[in-house]
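Residues: numbered from 1 along the sequence shown.
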Amino acid sequence: MSVSGSESEASRRSSKKPKYSKFTQQELPACKPLLTPGIVIGAFSLIGIVFVPIGLASLSASQEIVELVDRYDEECVPASDKIGFIQDTKVNKACTRKITVPKPMKGPIHIYYQLENFYQNHRRYVKSRSDQQLRSKDYKDPKAVIKSCDPEATTGDGSLIVPCGLIAWSLFNDTYAFSVNKKEVQVNKKNIAWASDKNSKFGSDVFPINFQKGGLIGGGNLNDKLPLSEQEDLIVWMRTAALPTFRKLYGRIESDIMASDEITVVIQNNYNTYSFGGTKALVLSTASWIGGKNNFIGIAYVAVGGICLFLAMGFVVLYVIKPRTLGDPSYLSWNKEDAGYSH
């Protein structure tokens with residue numbers, strides 16, 4: 001090999017060597033705290049002192065919330081033929097339920113419907129929608145709409161469905177009418193959806209077209225004269241749930257309900273959960289600064305705080321019983337007299 005060839009080979013090899021970098025050599029400025037016994041004990045104590053009161057406050061707030069859950073899917077259909085009953089459009093599906101209030105409920109009282117064994121997180125279900133179509137009436141790309149919304153994209157004659165897709169098609173359509181002590185109570189269905197959804201994801205110039213006129217008839221219908229941005233039941237439903245058991249906001253009762261009052265609910269039991277083994281329930285709940293009833297947050301805070309306090313006390317006892325000088329070289333392996341250590 002010639003000298004020039006050797007030089008080119010050497011230069012090629014040197015060019016492949018990584019350039020010096022403080023990042024690759026882990027020489028960037030970094031915080032390297034010295035974990036003395038005092039710092040460790042203080043950190044655990046601080047976490048415990050902060051977390052335990054937060055957990056107790058959360059538990060207290062959760063206990064003050066009044067929550068009533070009434071499952072009605074079994075009682076509102078004949079036991080002999082549930083699927084046939086729910087699919088028969090000529091049968092009156094009104095069902096009356098009575099609920100006695102155990103404790104005073106201060107308004108606003110949130111009304112939810114709860115579904116179980118309904119997998120809104122299924123991949124094909126979640127993808128079956130067109131966000132562009134929901135957002136703007138100017139979006140008229142039939143190929144893209146058909147691709148994203150299949151199998152509920154067009155009617156039998158090929159006309160586009162607005163809103164298209166399985167999510168909108170399966171819109172929940174049970175309805176609830178309330179009376180307290182035989183006095184009718186109005187349900188406020190305004191502002192039940194996220195403001196960001198109404199303002200950004202659903203267009204004020206997009207109106208339903210050919211909805212529930214495809215090959216299959218799904219859940220609820222929409223008002224053809226109202227834009228999608230004002231149809232909040234649809235907006236709430238279109239925000240898909242991550243788990244198979246979920247609640248969605250139906251409306252609010254703005255007035256207070258006293259203890260021992262009797263709530264009469266007339267339910268139109270229209271939604272078919274019987275074909276896939278799902279369940280339905282009506283939920284009435286007050287709210288606090290932590291939202292709805294949820295003991296898990298409080299228990300988690302108390303548990304973590306309690307463990308940290310326990311560890312802090314354990315370290316204190318250990319430090320008192322068997323203290324150790326920080327940086328004592330006698331604890332180095334080569335300074336120990338133990339025969340198990342060798343130079």
Side-chain angles (χ1 to χ4, degrees), residues 50-77 94-118 172 174-194 232-233 236-237 239 241-269 271 273 278-306:
V50 173
F51 274 39
V52 169
I54 293 176
L56 293 176
S58 300
L59 283 174
S60 176
S62 180
Q63 294 300 317
E64 292 177 358
I65 295 172
V66 182
E67 181 179 279
L68 307 177
V69 181
D70 179 50
R71 178 180 170 182
Y72 61 88
D73 58 289
E74 292 289 341
E75 288 75 9
C76 290
V77 293
C95 176
T96 302
R97 306 285 294 170
K98 296 185 182 295
I99 305 171
T100 302
V101 180
K103 295 192 295 185
M105 302 180 72
K106 186 176 181 180
I109 300 168
H110 298 78
I111 306 168
Y112 301 91
Y113 54 88
Q114 176 177 297
L115 299 180
E116 293 185 16
N117 202 34
F118 192 117
F172 186 79
D174 283 5
T175 60
Y176 311 107
F178 295 85
S179 60
V180 178
N181 296 332
K182 299 182 179 181
K183 183 179 179 181
E184 184 179 355
V185 175
Q186 296 297 322
V187 176
N188 180 11
K189 296 181 69 67
K190 295 292 184 182
N191 299 321
I192 61 174
W194 290 22
E232 297 195 43
D233 284 329
V236 170
W237 180 256
R239 179 169 282 278
L243 300 175
T245 298
F246 58 87
R247 295 176 181 179
K248 290 184 181 290
L249 186 61
Y250 178 84
R252 300 182 185 88
I253 296 175
E254 302 294 346
S255 58
D256 298 343
I257 300 178
M258 299 296 104
S260 301
D261 283 352
E262 184 179 69
I263 302 175
T264 302
V265 189
V266 178
I267 302 171
Q268 288 294 332
N269 184 30
Y271 201 68
T273 58
T279 66
K280 298 185 288 187
L282 171 66
V283 180
L284 301 177
S285 176
T286 58
S288 67
W289 60 271
I290 63 169
K293 194 176 186 65
N294 187 350
N295 292 329
F296 175 78
I297 296 177
I299 294 173
Y301 269 101
V302 172
V304 172

Checklist entry - Among all residues two or more places apart in sequence or in another chain, which pass the ring pair (Phe, Tyr, Trp, His ring centres under 6.0 Å) test with Y113? => result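 F172.
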Next on the checklist: Holding to ring pair (Phe, Tyr, Trp, His ring centres under 6.0 Å), I want the full list of residues that pass it with F178, two or more places apart in sequence or in another chain.
Outcome noted: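 For F178 there are no ring pair (Phe, Tyr, Trp, His ring centres under 6.0 Å) partners, ignoring immediate neighbours.
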To the nearest 0.5 Å, what is the distance between [atom1] on [X] and [atom2] on [Y]?
{"X": "W289", "Y": "S58", "atom1": "CH2", "atom2": "OG", "result": "3.5 Å"}
{"X": "D70", "Y": "I267", "atom1": "CG", "atom2": "CD1", "result": "6.0 Å"}
{"X": "E116", "Y": "T245", "atom1": "CD", "atom2": "OG1", "result": "4.5 Å"}
{"X": "E254", "Y": "Q186", "atom1": "CD", "atom2": "CD", "result": "11.5 Å"}
{"X": "T279", "Y": "Q114", "atom1": "OG1", "atom2": "CD", "result": "7.0 Å"}
{"X": "R239", "Y": "L249", "atom1": "CZ", "atom2": "CG", "result": "13.0 Å"}

Which pair of heavy atoms, one from [X] and one from [Y], lies closest together, and at what distance?
{"X": "A281", "Y": "V69", "result": "CB-CG1, 4.1 Å"}
{"X": "K248", "Y": "A241", "result": "NZ-N, 4.2 Å"}
{"X": "D256", "Y": "G107", "result": "OD1-N, 2.6 Å"}
{"X": "G251", "Y": "I192", "result": "CA-CG2, 4.0 Å"}
{"X": "K189", "Y": "Y250", "result": "NZ-O, 2.7 Å"}
{"X": "N117", "Y": "G278", "result": "CB-CA, 4.1 Å"}

Less than 4.5 Å apart, side chain to side chain, heavy atoms only: is that true for [X] and [Y]?
{"X": "V283", "Y": "E67", "answer": "yes"}
{"X": "V187", "Y": "I111", "answer": "yes"}
{"X": "S285", "Y": "I65", "answer": "yes"}
{"X": "L282", "Y": "Y176", "answer": "yes"}
{"X": "V265", "Y": "T96", "answer": "no"}
{"X": "N295", "Y": "Q63", "answer": "yes"}
{"X": "M258", "Y": "N181", "answer": "no"}

Checklist entry - Passes side chain to side chain contact (heavy atoms under 4.5 Å, CB included), S255 versus I253? Steps please. => result CA-CA 6 Å; S255 58; I253 296 175; 3.7 Å; yes
Any side-chain to backbone donor/acceptor pair from [X] onto [Y]? Under 3.5 Å, distance only.
{"X": "T286", "Y": "V66", "result": "yes"}
{"X": "R252", "Y": "N191", "result": "yes"}
{"X": "S62", "Y": "N294", "result": "yes"}
{"X": "Q268", "Y": "T175", "result": "no"}

Next on the checklist: Using side chain to side chain contact (heavy atoms under 4.5 Å, CB included), reason through Y271 and L115 one step at a time and then give a plain yes or no.
Outcome noted: CA-CA 10 Å; Y271 201 68; L115 299 180; 4.3 Å; yes
Next on the checklist: Against K280, only a single residue in N269, T273, D73 fulfils side chain to side chain donor-acceptor pair (under 3.5 Å); can you say which?
Outcome noted: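 Of the listed residues N269, T273, D73, the side chain to side chain donor-acceptor pair (under 3.5 Å) partner of K280 is N269.
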Checklist entry - side chain to side chain contact (heavy atoms under 4.5 Å, CB included) between Y301 and L56: does it pass, once the steps are laid out? => result CA-CA 8 Å; Y301 269 101; L56 293 176; over 6 Å; no
Checklist entry - Could you walk me through whether Y112 and H110 pass the side chain to side chain contact (heavy atoms under 4.5 Å, CB included) check? => result CA-CA 6 Å; Y112 301 91; H110 298 78; 3.5 Å; yes
